[in-house]
Every structure is written in C-alpha cells, then in structure tokens.
Amino acid sequence: MSPEELSAARDRVLPDVVAGGLRVLFCGINPGLLSAATGHHFARPGNRFWPVLHLSGFTPRRLAPAEQEELLSYGLGITNVVARATARADELTAEEFREGGRILTAKVEQLQPAWLAVVGVTAYRTVFGERRARIGPQERTIGATRIWALPNPSGLNAHWTAASMAEEYARLRSAATADPPR
C-alpha cells in the first residue's frame, strides 16, 4: 500500500463487525490507517489480534483480517471506541474518547453481548474513568454485559508476548463459554 493510499484513509470510519447477542464484542481504540484503507480491523501485519484470537481458542484457525465477517459465526464481533482512523491513537482528543465511550455504551445496550472486551487497559481506563483498572474482568457492567480489559495486541505493546496475551484472552474465552447463551 502506498503512502498516498494510507494518507487518504485518514479520518475514514471503519464499519463494525457486529450482531445482536454476541458472546464477545471486542473493542479496539480506533482503526489505524491500514485498517481503514483495507476495510479490515487489526490489519497491520505486526498486530497480534488475529494470531492471539486463534492461540486462545476463540477461532479454530488463524483468520486473516479479510475474513473478519467469519467472527460472527463464532459469536464474536469487533467495534472501536472511536471510529475515526488515525496513524496513532495519541492523535485522538479527550473529547473523542468521552464521546466514543457514550457511543460504545449505547451500542452495547442495543447489541447486548455477553462480554465487552476492551483491547487495551489504558483505553478502558480512559473511556470509563477507572484509573486503577487492571487487565481482567471488571466490576463495571453495561446492563447485563460484563466487561473484560485485555492487553492491547498492537506490536508496540512489548510488555506482552503473543503467548502471554493468548493466556489472558483464553481466560475471557473460558468465562464467555461458561455464560449461558443469549
């Protein structure tokens, strides 16, 4: 993809991959330029979302970003706190995060997934104003939807390996599997 094509993707909105009653709705911070340019979530090759989803047992094989719609058949979906594509998450304003949190809450109330999985504890802290939140299940709920803060799968997150991330994602998978179907 050329630099011009990536630049043209700035501020595009990437559609969600969602349906009502999902087991888990994964929520990223916002789409990167490559994701917006391709129309596929977590499209950057260094992003570990797709490998970790498979390693954790959520999917029977590693899906490519272009296969994102297949997630729905597993009771999974993807959305973002902020829909606008940027080169870096630090380009988002505090107001965009606050408004994104309001939109995300309304979306979860409408779709009623069993779990909302926010990929990035910093994003969770910012959106929900819980500065001391840690990775794992949260006390906060949105209606009957429980919330889990997961490690950010970005290749820039060097604190977590794919294997250690997969362990945390697998903890969520176990909890989501234990929940009765909706």
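We number each residue from 1, following the sequence as shown.
In this structure, the side chains of Pro60 and Tyr74 come closer than 4.5 Å at one or more pairs of heavy atoms. Looking only at side-chain heavy atoms (C-beta outward), Leu6 and Leu34 come within less than 4.5 Å of each other. Side-chain contact between Pro153 and Val52 is absent, with no heavy atoms from C-beta onward closer than 4.5 Å. Counting heavy atoms from C-beta on, the side chains of Leu76 and Arg23 come closer than 4.5 Å. For the pair Asn80 and Leu104, the minimum side-chain heavy-atom distance is 4.5 Å or more. Annotation: side chain of Ile103 is not in contact with side chain of Val82 (no heavy-atom distance under 4.5 Å). Using a 4.5 Å heavy-atom threshold, the side chains of Leu150 and Phe49 count as separate. Looking at Met1 and Leu33, their side chains never come closer than 4.5 Å, going by heavy atoms from C-beta outward.
Put simply, CG on Leu14 and OG1 on Thr79 are 9.0 Å apart, with the number rounded to the nearest 0.5 Å. In this structure, Glu69 CD and Ile78 CD1 are separated by 9.0 Å, a value rounded to the nearest 0.5 Å. The OH atom of Tyr124 sits 4.5 Å away from atom CD of Gln138, with the distance rounded to the nearest 0.5 Å. With values rounded to the nearest 0.5 angstrom, Arg132 atom CZ is found 8.0 Å from Arg134 atom CZ.
Ile29 and Ile147 end up in the same hydrophobic cluster when Ile, Leu, Val, Met, Phe, Trp and Tyr side chains are linked at under 4.5 Å. Residues Leu111 and Val81 share a hydrophobic cluster, clusters being chains of Ile/Leu/Val/Met/Phe/Trp/Tyr side chains in contact below 4.5 Å. Residues Val13 and Phe42 fall into different hydrophobic clusters, defined by Ile, Leu, Val, Met, Phe, Trp and Tyr side chains chained together at heavy-atom separations under 4.5 Å. Cluster annotation: Leu172 and Leu55 are assigned to distinct hydrophobic clusters (Ile/Leu/Val/Met/Phe/Trp/Tyr, side-chain heavy-atom contacts under 4.5 Å, transitive). Note: the hydrophobic cluster containing Met165 also contains Trp115 (ILVMFWY, side chain heavy atoms under 4.5 Å, direct or indirect links).
Among residue pairs with one or both ends in residues 162-172, those qualifying as side chain to side chain donor-acceptor pair (under 3.5 Å) are Trp148-Glu168, Thr161-Ser164, Glu168-Arg171; sequence neighbours excluded.
Nearest heavy-atom pair across His41 and Ser35 is C-OG, 3.8 Å. When all heavy atoms of Asn47 and Pro51 are compared, the closest pair comes out as O-CD, 4.1 Å. Between Leu116 and Cys27 the shortest heavy-atom distance is CD1-CB, 3.8 Å. Residue Thr38 comes nearest to Ala43 through the heavy atom pair OG1-CB, 3.6 Å, listed as atom of the first residue, atom of the second, then distance. Ala85 and Gly32 make their closest contact through CB-O, 4.0 Å (heavy atoms, listed as atom of the first residue, atom of the second, distance). Nearest heavy atoms, Lys107 versus Asp16: NZ-OD2, 2.7 Å.
More than 12 non-hydrogen atoms from other residues, nucleotides or ligands lie less than 6.0 angstrom from CD of Glu95. A 6.0 Å sphere centred on CZ of Arg131 holds no more than 12 heavy atoms belonging to other residues, nucleotides or ligands. Within a 6.0 Å sphere centred on CZ of Arg125, other residues, nucleotides and ligands contribute more than 12 heavy atoms.
A donor-acceptor pair under 3.5 Å is absent between the side-chain atoms of Arg84 and the main chain of Glu96, judged by distance alone.
Between Phe26 and Phe58, the ring planes are perpendicular. Angles over 60° get that label, and only those under 30° would be called parallel.
At a cut-off of 3.5 Å, with distance as the only test, no side-chain donor of Asn152 or Thr122 sits close to an acceptor on the other residue.
Partner of Leu53 under the side-chain contact (heavy atoms from CB on, under 4.5 Å) criterion, chosen from Leu71, Leu63, Val24: Leu71.
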